[in-house]
There are 2 protein chains.
Amino acid sequence: MKKPKNKEEIEISDYLNLLIAIGKMGGIRRPVFSTTSELGRTVGISQQSASRKLTKLENSNYIVRNYKQRGNTIKITPIGVAALEHVFTDLWMILSAEGREISEKIVIKGTVCTGMGEGAYYMSQKEYLNQFASLLEFEPYPGTLNLQLLEDSSLRNFERLLRSPSKFIKEFTKEGRRFGKVFVWPTYLLIGNRKISAALIHPDRTHHNNQIEIIAKEHIKTTYEIKDGDELELILQ
Amino acid sequence: MKKPKNKEEIEISDYLNLLIAIGKMGGIRRPVFSTTSELGRTVGISQQSASRKLTKLENSNYIVRNYKQRGNTIKITPIGVAALEHVFTDLWMILSAEGREISEKIVIKGTVCTGMGEGAYYMSQKEYLNQFASLLEFEPYPGTLNLQLLEDSSLRNFERLLRSPSKFIKEFTKEGRRFGKVFVWPTYLLIGNRKISAALIHPDRTHHNNQIEIIAKEHIKTTYEIKDGDELELILQ
DNA sequence: ATTACTATTCTACGAGTAT
DNA sequence: TATACTCGTAGAATAGTAA
């Protein structure tokens with residue numbers, strides 16, 4: 001029988017080592033098998049403490065686990081991943097800040113331009129659209145907004161973004177044609193003083209030029225009266 | 001092995017929030033001014049706790065600070081930055097892995113050299129030997145193999161290792177002489193295509209030079225016909 | 001083997017306060 | 001104001017052990 005989940009507030013840093021240890025086993029992508037003794041040994045605490053901490057992580061919905069005969073299968077939940085990503089972002093921000101100012105947010109700035117129409121073609125495939133919808137908080141408009149990156153800092157942030165954690169949609173084949181994997185980073189698009197939920201998408205983590213593609217719920221250009229050459233900012237979450 | 005000192009050990013995760021808060025103020029690049037009350041408020045602890053934690057961070061060389069009339073100027077030291085980077089790298093690794101096994105091998109490379117014979121002296125104490133045996137999968141030979149680290153990457157990995165979770169053997173007193181705490185990291189020693197279970201031992205998490213000490217089941221030099229100057233690799237688990 | 005309970009030890013927190 | 005001490009206490013960690 002499932003135990004009742006009493007929502008509990010925990011301080012992530014008290015559990016960071018344990019979560020990282022589980023993550024290193026692969027617990028972010030799939031359930032991994034371990035025991036409280038092994039985990040305790042790994043992070044330098046007792047079996048009992050590991051047990052207690054696992055219980056707390058479970059009650060706070062940071063992990064789910066199934067007890068097997070000799071141990072647990074443990075998987076970090078999206079909530080747990082989000083907590084880890086939050087720490088990651090903080091560290092990224094302060095470790096990569098150059099010069100004096102630490103900006104509260106990581107920003108990618110660019111000017112609106114017109115792409116080759118490929119974005120619209122791909123985004124018109126319902127397999128892509130459905131997957132994007134399941135990853136994001138919105139159903140994207142079947143087209144992309146292209147931004148040309150100008151400043152070095154934006155390019156660097158983009159490169160860094162490519163190496164940072166992301167969701168992605170799976171490749172699929174349709175009518176003999178292969179549609180590849182696409183990585184997705186949820187962001188906000190700053191338009192005037194409005195903050196629009198959006199996502200930066202990119203097919204490849206290892207290559208890029210200075211142009212990026214963005215999807216959002218609406219067709220940005222018409223909905224917000226944006227035209228080529230306008231400068232927009234993307235705020236990473 | 002150097003005579004172990006009674007130096008203050010801290011667990012980075014207990015101080016992560018505070019270090020991140022200081023980092024957000026810019027404390028990685030320059031000394032920043034703050035008070036214990038302000039820092040406490042920022043991370044949700046009391047002024048007293050912030051004060052105590054700052055003192056510990058200082059004693060562990062994670063920060064330096066100067067007391068002014070109404071607060072401190074605080075700067076995170078390279079050691080502190082390395083600790084933050086270590087957490088960052090861990091998170092980066094596990095959050096960016098795509099369905100694959102996490103298997104980034106961390107390697108420390110060095111050339112065999114002859115130590116001062118202290119290692120053999122310490123390792124000849126049965127209290128040490130017994131404790132090592134209980135922590136490791138083997139009963140160590142009562143002596144150490146010394147490696148001189150040459151490459152920057154090896155030194156960096158060693159520094160990182162020092163800040164990572166470890167087992168340790170407890171200090172003890174014998175015939176009026178104090179034998180200190182020693183930290184232990186199980187590793188593998190690569191000799192040709194053989195992978196020997198070994199352990200890196202070090203008396204101090206906060207200080208090091210470019211020489212490391214390794215223990216294994218056998219006397220490495222005679223068993224594997226190793227001589228001074230030979231280059232060996234240590235693979236961290 | 002495990003997990004995780006209870007009892008006990010111990011550490012870390014914050015209140016009060018000296019400087 | 002500051003920092004940082006002492007100290008009572010809450011809760012975290014571990015030992016012992018049941019299931």
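Residue numbers begin at 1 in each chain, while the letters A, B, ... track the order of the sequences.
- Distance OG1/Thr111(B) to CD1/Ile226(B): 12.0 Å, rounded to 0.5 Å.
- We find that CD1 of Ile10(B) is positioned 15 Å from C1' of dT11(C), with the value rounded to whole Å.
- Cation-pi check for Lys217(B) over Phe138(B) is not met; the charged atom does not lie both under 6.0 angstrom from the ring centroid and within 45 degrees of its normal.
- Of the possible polar contacts, none joining the Ser60(A) side chain to the Leu57(A) backbone as a donor-acceptor pair under 3.5 Å is found.
- Partners of Lys109(B) according to the side chain to side chain contact (heavy atoms under 4.5 Å, CB included) rule, which considers only residues two or more places apart in sequence or in another chain, are Glu151(B), Ser154(B), Glu231(B), Glu233(B).
- Counting any heavy atom pair closer than 4.0 Å across all strands shown, Ser51(B) reaches a base atom.
- The one candidate from Asn72(B), Thr73(B), Ile74(B) that meets the side chain to side chain contact (heavy atoms under 4.5 Å, CB included) condition with Asn66(B) is Thr73(B).
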message: Return a single string for nucleotides 12-19 of chain C, one symbol per nucleotide in 5' to 3' order, where B is base contact, S is sugar-phosphate-only contact and - is none, cutoff 4.0 angstrom on heavy atoms.
response: SBBBB---

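- Reading DNA chain D from its 5' end, the first and the last nucleotide to sit under 4.0 Å from a heavy atom of chain A are dA12(D) to dG16(D).
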message: ring-ring contact (aromatic ring centres under 6.0 Å, His included) for Tyr15(B) and Tyr62(B)? Distances and angles first, verdict last.
response: CA-CA 10 Å; Tyr15(B) 299 83; Tyr62(B) 281 61; 7.7 Å; no

task: Any chance you could lay out the ring-ring contact (aromatic ring centres under 6.0 Å, His included) test for Phe183(B) and His202(B), step after step, and finish with the verdict?
output: CA-CA 5 Å; Phe183(B) 298 92; His202(B) 199 76; 8.4 Å; no

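- When distances run from any side-chain atom of Ser37(A) to the nucleotides dA4(C), dT3(C), dA1(C), the shortest one goes to dT3(C).
- Within the helix from dT2(C)-dA19(D) to dT19(C)-dA2(D), the inter-axis angle between the opening and closing five-pair segments is 40°, rounded to 10°.
- Counting only residues at least two apart or on different chains, the salt bridge (Lys or Arg N to Asp or Glu O under 4.0 Å) pairs with a member in residues 124-135 of chain B are Glu127(B)-Lys174(B).
- Contacts of Glu58(B) classified as salt bridge (Lys or Arg N to Asp or Glu O under 4.0 Å), with partners at least two apart in sequence or in another chain: Arg65(B).
- Remark: Ile76(B) CD1 to Asn61(B) CG distance equals 13.5 Å, nearest 0.5 Å.
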